[in-house]
Structure formats: C-alpha cells, structure tokens
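In what follows, a single structure is set out as structure tokens and then discussed.
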Amino acid sequence: MSKPVSLSRYLVEEQRLHGKIPAQLRLLLEVVARACKGISHAVNKGALGDVLGSAGSENVQGEVQKKLDIIANEVLIEANEWGGHLAAMASEEMDSIYVVPNRYPQGEYLLLFDPLDGSSNIDVNVSIGTIFSVLQKTDSQAVSEHDFLQSGASQVAAGYCVYGPQTMLVLTVGDGVMMFTLDREQGSFVLTQENVQIPQDTQEFAINMSNMRHWAAPVKRYVDECLQGQEGVRGKNFNMRWIASMVADVHRILMRGGIFMYPWDQREPNKPGKLRLMYEANPMSWLVEQAGGAATNGHQRILDIQPTQLHERVSVILGSKNEVDRVTAYHAD
Ligand code: P6P
C-alpha cells in the first residue's frame, strides 16, 4: 500500500508541483482544517461536553442558535484571525463581517463559512458539517462587506468538513475534488479519495417532500415523474433521501450521484429559497461542478449569480449533471 498522503503534503505539492495555490492560501486551508478538527472534537463530545441544546439566542437569519453553532463559529474566528492570511471573515452566525483586528497583520483572502450546517440534527446525533468558501480581496481599499459580494465563480478554494461516522474534509482549489479522512490516532487528515466524479445520471433524489404543495410546477413535474417510476416517462424507479443536513446530502451525491433540491416555494414568495448563496450554495456548487456535476437555481448557473447581499438566499438544484439539466430545462418550458 502506498504511503498515505496527508492534507499538508497534498497542499504543499499542489503549491510546489502544480502552482495551484500560493503559500498564504495553503496556510489558510491548513488553519481551516485544524479548526474543523477542533469542531469535530466538540461535536463528538455530545452530552458529555455540555455542548448540546439551544444557546438561547438567534442568528441573523432569525433562527435559534445551538450552543455548537456558537462554539464552531468561535473556533473558526480564533483559529484564523492571527495568521496574517485573511482580511476578514463572514459567517452565517454573524450579522456583519468580522474584520481582522489591527493587532494582527491583514492578508488578501476573505473566508466565508457556515460554521455548523444542519444544526437541527445536532441534538439527535445525525451528521452535520462546516462549509467554507475562500475569495480574494480585489482592491487595496480597507476591507468592507462589498469585497465579499463576488460571484461563486470567483472562489479560489471551497470545501466542507462532514462530522459523521468519519470526519472528512472535502476540498477543491480548482483542480478537482479531493477527500481527506481524519486519522484520529495521528490527528491528521489523510487523502482517501482524489478526483471525485459524480455519475452523470442517477436514480436518487433529495428534497423535503413535506413542502410539495408549495413547489413551483417544474419541480412538481420532475418529482412526480420520479415517483411514477419505471411505468412512467422516466422508465426507471427512483429512491429518495433527505438528511436535512446539506453537507451530508451533498457528500452522498459526491460519493454515489444524485440530485439535491431546495427550490423556491410559495410559502415566502419574495425569498428566492432557504439556503444561503455565499457560504452554502456557492462552495457546494463549485465542488459539484469540479466533480463533473451541475448546479443551478432553476434558471442559471449558481456560480454566475452576482450577489447583492451577504446573507442572501438562493434556490438550489445540484448534483448529477443530466438530472440537473432536466430540472433546469423544465423551468425553461
Ligand atoms: P428543512 C440545515 O438547517 C439546512 O440549512 C441545510 O443543511 C438543509 O439541507 C436544510 O436546511 C434542511 O431544511 O426545511 O428540510 O429542515
């Protein structure tokens, strides 16, 4: 068996051999990975660590914050603020951006994250995860929220860490998708899958079916056809999964294909969708595209959307390319 490749070695070789990542970006990714190890440790404690349950506060989305939401957010801020690689950070758990304090050097990168996605699953021991996205400051002015309002196509790195039966870091720097599994004995992430490819077709869809009556017609049409099975127009049977943790659902799709949908629905017609563009949809869409899949909001490529607000939401349809293309085509009909 060949010698295991650690995350550090992979990043050094991407920097040295492929010129894919500058030293400061390599440092950033190493720091994020180390922070995710710390979050994994806290998550794994569960009831033994007094980390479960509500924190008794709400985030910018008006959602009740779990204790672990706040812990994960603090771990990422504290791990990243002093290294000199970042100008600022943005988080689902913070109303405005966090500018690196003057006592530390500022770098050129902008780090965005959902520190603990899938919070509703924390207290029932179902997989959750951290999602992150990296942008670059584009001018020499003092960093502001405006610097973050770049399309997903401008990302220089994106990934997630899923806290499941294994803790896995999944990453792209634009050179394919790599998966690293946390070796708790060594305390390091080890490369366990490289150049991940999502099958172009699938027989598995992921959507919260309880919202069916609220969906737009194209989504209803697609799901109805899946439910008709091999007797219907699709000529094959479909399976359904919904973990209600985007990280876990997307990880399954990267591993075996599938389509994930959190579409616009008529409950709040002025909201484009539930999921956030900047630190959920954009990083996940880049990973999916780098693995040969597709990601749209039903009308356009998610990575082409020009954001106007830091916490704006978006309708998400991503996964196996041929299925995403079909749903997108139904929206055009
Ligand atoms: P629902 C978790 O709260 C999340 O943001 C995503 O991780 C997940 O896909 C979705 O919301 C689940 O939403 O409405 O099914 O609980």
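Numbering of ligands and ligand atoms starts at 1, following listing order. Side chains included, hydrogens not; waters and symmetry mates left out as well; all remaining heavy atoms used.
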Looking at ligand 1, is there an atom of it that comes within less than 4.0 Å of some heavy atom belonging to R276?
yes
Taking the basic N atoms (NZ, or NE/NH1/NH2) and the acidic carboxylate oxygens, is any pair closer than 4.0 Å for K274 and E280?
no
Short list, please: which atoms of ligand 1 are under 4.0 Å from a heavy atom of S245?
7 (O)
In terms of ring plane angle, is the pair H311 and Y279 parallel, tilted or perpendicular, where the classes change at 30° and 60°?
perpendicular
Considering only heavy atoms of A244, which atoms of ligand 1 have at least one such atom less than 4.0 Å away?
2 (C), 8 (C), 12 (C)
Can you confirm whether or not the ring centre of Y222 sits under 6.0 Å from the ring centre of F205?
no
Close approach, S119 and ligand 1, non-hydrogen under 4.0 angstrom:
no
Does some non-hydrogen atom of S120 fall short of 4.0 Å from ligand 1?
no
Selected option - heavy-atom contact closest to atom 10 (C) of ligand 1, from E280, K274, M246:
K274
Mind checking whether Y160 and L254 have side chains closer than 4.5 Å, heavy atoms only?
yes
Looking only at protein heavy atoms, which one is nearest to atom 14 (O) of ligand 1, and what is the separation?
Y262 OH, 2.6 Å
If we number the atoms of ligand 1 from 1 as shown, the ones under 4.0 Å from a heavy atom of N208 are 1 (P), 14 (O), 15 (O)
May I ask you to test the N211-R267 pair for a side-chain heavy-atom distance under 4.5 Å?
yes
N-O pairing of R221 and D224 below 4.0 Å:
no
Does ligand 1 have a heavy atom under 4.0 Å from the side chain of L275, from its backbone, from both, or from neither?
side chain
Min N/O separation W242 to ligand 1 under 3.5 Å
yes
Going by the atom numbers of ligand 1, which of them fall below 4.0 Å from some non-hydrogen atom of F260?
9 (O)
CZ/R9 to CG/L11 distance, rounded to the nearest 0.5 angstrom?
12.5 Å
Determine, for D139 against K137, whether the closest basic-nitrogen to carboxylate-oxygen distance falls under 4.0 angstrom.
yes
